Amino acid sequence: MKYLGKKLFTLVMTLFLVSVIAFLSFEIIPGDVVSSILGTEATPEREAQLREELGLNDPPVVRYVNWATGVLKGDLGVSYRYSKNMNEMMPVAELVGDKLPVTLWLAAFSLIMIIAVSIPLGVMWAKSNNRFLDAALNVVTQTTMAIPSFFLGIMVTYIFGILLKWFAPGGYVSYEKDPWGFAGYLLFPALSIALPKIAMTARFLRNSMLKEMQSDYVRTAYSKGATKRKVMYGHVLRNAMIPVITFLGMIIAEIVAGSIVVEQVFGLPGVGRLLISSISTRDFPVVEILILYIAFVIIFVYFLIDILYRVVDPRISEK
Amino acid sequence: MIKIENLTVAFDGADAVKNVSLELLDGEILGVVGESGSGKSVTALTLMGLLNEEAVVKEGRVIFDGEVIREGGKPLNKALYRKYQGEKMSMIFQEPMTSLNPTQRVGRQVEEMLKLHREMKPAERKDMVLQTFQSVGLKNAEAVYDSFPHQLSGGMRQRVMIAMAVILNPRLIVADEPTTALDVSVQNQIIELLREINKTHNNTMLFITHDLNLAKRLCHRVVVMRDGEVVESGTAEEIFDHPREEYTKRLIEAVPSRMNRKKREIVRVNPVIEVRDLSVFYKEGDNSLFTAGKMRQVVYDANFAIYPGESLGLVGESGCGKSSLSKAILGINQNINGQVEQYTVRPQMIFQDPYGSLNPAKTVGWLLQEPLKAAARMDKTKAMSKSQMEEAAYDMLHKVGMKDKYFHRTPAQLSGGQRQRISIAQALITHPGFIVADEPVSALDVTIQAQIMELMQKLQEEMKVAYLFISHDINVVYQMCDRIMVMKEGRIVEIGDTEEVFTNPQNSYTKDILYLSQA
């Protein structure tokens with residue numbers, strides 16, 4: 001319980017720091033919100049009026065406090081850039097809320113693929129005595145790791161979308177209209193995120209298992225008359241997973257960042273694209289919320305990893 | 001009957017075991033003794049079918065009750081061996097901590113034996129494990145069943161390993177240095193347990209050890225091995241009381257005993273180091289934002305002094321505070337109360353593991369000069385020219401009995417004994433009046449151990465250096481030290497002249513360890 005409290009406190013502190021840094025960076029980077037909204041032709045009076053409306057004349061500290069209290073009350077602010085209709089500003093919550101499920105599902109699909117494929121692959125690889133298989137997997141994983149996901153995305157689109165016509169490039173289906181179509185559509189973007197990570201994780205797990213297989217307790221297990229299969233799954237895997245869990249944590253953080261690029265390539269309406277366009281238009285309220293979201297996801301994932309650690313390795317919780 | 005016939009096993013083309021034949025009679029405990037590299041463990045692992053994949057059984061046979069289960073030149077028949085492993089033969093290893101799976105509850109690990117070899121209901125299996133735990137002296141069997149290895153003490157872990165080895169009551173139990181990693185008192189209990197198991201169940205035991213005293217106590221017959229070959233075999237009496245071979249005689253003589261001790265007169269004025277009311281603390285956990293590190297006391301009110309040319313032995317079980325005390329004296333741990341008064345140049349230290357404590361990337365010459373450079377950095381008057389330093393290094397190399405040619409070698413090119421000589425040279429090259437030697441001979445074979453002890457005594461005479469000599473082996477201390485200091489749970493319980501403490505111990509704990517370490 002004390003542990004959970006500590007973790008929660010760290011989470012809040014980190015989010016606070018991230019929000020301050022994101023806020024400050026918008027103070028520092030060149031470019032003016034008002035001119036980016038109104039364009040270069042606007043009259044000085046109109047500019048001054050908008051500046052006053054958006055509260056940009058207040059000192060930065062006041063603006064940060066106003067914004068932060070809003071967020072704490074659940075008001076995420078309004079976008080500078082998008083509007084709902086002629087008279088209404090677009091709330092950030094609504095803007096992001098539309099696009100978040102796409103990104104989250106994309107990340108979830110990739111993660112499921114990574115875990116479902118890399119773990120059996122890594123175990124099989126460590127178990128095999130076949131030199132040909134070993135060499136083949138070595139080449140394949142190394143190549144896959146070396147391909148950046150945006151390029152992989154283009155190749156996946158070309159092969160599965162254009163040549164094989166398994167999906168229509170750019171033909172996104174909303175999940176409210178057709179959940180299965182939505183899932184099917186995310187499959188290929190998820191694949192291009194997952195492939196290099198599968199290769200990395202499988203390699204990492206294999207090496208970890210090979211190292212564990214030198215341990216004394218493995219010899220003990222063999223001395224009981226256990227088969228190689230029983231030794232691998234019953235003893236080696238769990239111990240070999242301990243470093244892999246940390247590795248998976250880093251992978252998840254990378255997925256969140258990687259999805260931004262892949263959304264662009266596949267034309268997915270996720271938060272990644274929203275983030276890029278909002279930065280270029282200085283749409284500060286949107287960017288700030290998205291950065292907070294990314295920070296939250298990453299910290300939360302590390303929190304889960306930490307708990308998983310304690311489950312897998314009984315030695316940790318007592319230190 | 002279990003037999004090994006003309007066994008030859010090679011690693012990387014070099015024979016580790018050469019033409020070894022052993023015969024295990026029903027119900028006997030056969031000891032295999034030898035120094036490291038003698039091939040005793042390889043022989044046992046071949047018998048158990050547990051050799052690494054790199055090892056090649058070139059010749060010979062393993063016969064178990066008339067069935068040939070391993071034949072030279074042929075690969076291991078794993079399926080055949082699995083019928084024997086666990087069921088008819090089991091093994092107890094040296095390090096119970098690493099030999100148990102750290103992420104699995106020990107009850108389950110023992111139960112695996114039953115899962116692999118018996119058709120039983122889960123409840124029956126658990127009952128049988130609990131019974132076996134009780135029979136090997138694990139009192140709180142239910143709690144042990146649900147424990148992970150790290151939650152148990154070293155002795156309990158080894159009992160779990162023994163429970164695992166005996167649960168199916170196999171014909172043969174192979175024990176490879178089962179007590180080497182344990183404290184003396186625990187060691188004794190485990191030996192007694194093995195003896196009892198052998199008596200009640202009449203299993204045949206192959207007991208592998210480097211410790212001749214243990215073999216003498218436990219085994220019916222003994223085989224002496226050296227460099228992969230059998231030197232001599234016979235009943236325990238024959239081997240220990242009337243050894244025929246020269247090597248066996250040397251081995252027995254090298255074992256530190258309570259005889260032939262040189263007595264010296266030490267003038268006890270002007271100590272090199274004086275410790276007054278010393279308490280030592282350790283930080284528990286890290287300092288974090290939320291909790292300041294708690295201090296745990298590990299040494300309580302230590303009082304003693306060491307005089308020039310004297311050896312003070314420090315004895316106690318693991319965790320008693322021996323190392324903490326020495327670190328505090330050397331100033332490595334600064335969380336102390338009380339005083340440490342030094343009347344000499346900076347004291348040096350000799351460590352237990354000569355493999356880990358020498359930088360593998362440097363040459364012997366560099367390693368020997370390093371303390372001189374460090375001394376010059378702290379005290380400009382000690383600065384020496386390059387040639388002077390080199391000369392001092394060569395001089396020290398000769399003093400520890402090594403030739404010039406070793407000057408340019410790296411630690412990897414030296415044997416264990418040679419490395420420990422370099423460690424000693426490193427400690428002595430700055431001519432300190434006082435050295436802390438933390439288990440300096442514990443990792444060495446008996447014959448090497450005797451040479452290193454002799455070297456340390458010779459250098460003590462020549463250089464008038466005082467030693468704080470830490471050891472778990474009270475017989476080594478008896479040979480080496482003028483006075484002896486016994487520690488228990490952070491307190492010094494007895495300190496006095498070695499001869500006096502040995503003949504007339506005052507403290508009950510001292511009496512215990514003296515009794516337990518008797519040959």
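To find a chain, count down the sequence lines: A is the first, B the second, and so on, and within it residues start at 1. Because the structure is predicted, anything quoted here is derived from the model rather than measured.
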Around atom [atom1] of [X], are there more than 12 heavy atoms of other residues, nucleotides or ligands at under 6.0 Å?
X	atom1	answer
B:Glu67	CD	yes
A:Tyr233	OH	yes
A:Lys230	NZ	no

*How many angstroms lie between NZ in B:Lys78 and OH in A:Tyr222, if you round to the nearest 0.5 Å?*
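Between atom NZ of B:Lys78 and atom OH of A:Tyr222 there are 6.5 Å.
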*Quick one: OG1 on B:Thr103 to NE2 on A:His235, what's the gap to the nearest 0.5 Å?*
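Answer for the OG1-NE2 pair, B:Thr103 versus A:His235, is 9.0 Å.
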*Which residues in residues 194-219 of chain A have any heavy atom lying under 4.5 Å from a heavy atom of chain B?*
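A:Asp216, A:Tyr217, A:Arg219, listed by number.
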*Is it the backbone or the side chain of B:Gln94 that comes under 4.5 Å from a heavy atom of chain A, or both, or neither?*
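Answer is neither: B:Gln94 stays 4.5 Å or more from chain A.
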*Pick one of side chain, backbone, both or neither for A:Val312, based on which atoms fall under 4.5 Å of a heavy atom in chain B.*
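Backbone of A:Val312 only, per the 4.5 Å heavy-atom cut-off to chain B.
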*asked:* For a quick test of reading the model, state the closest non-hydrogen atom pair linking B:Glu112 to A:Lys224 and the distance between them.
replied: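 Residues B:Glu112 and A:Lys224, closest heavy atoms: OE1-NZ, 2.8 Å.
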*asked:* Give me the atom names and distance for the closest heavy-atom approach of B:Pro102 to A:Pro314.
replied: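 So the two residues come closest at O-CG, 3.6 Å.
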*Which one of B:Leu168, B:Leu45, B:Leu116 has the most heavy-atom pairs closer than 4.5 Å to chain A?*
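Looking at each of B:Leu168, B:Leu45, B:Leu116 in turn, B:Leu116 comes out on top.
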*If we only count heavy atoms from C-beta on, is the A:Thr220 to B:Met164 side-chain gap below 4.5 Å?*
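The answer is yes; the side chains approach within 4.5 Å.
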*asked:* Checking the side chain of B:Gln104 only, and the main-chain atoms of A:Arg238 only, is there a donor and an acceptor separated by less than 3.5 Å?
replied: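 The answer is no, because no donor-acceptor pair under 3.5 Å joins these two groups.
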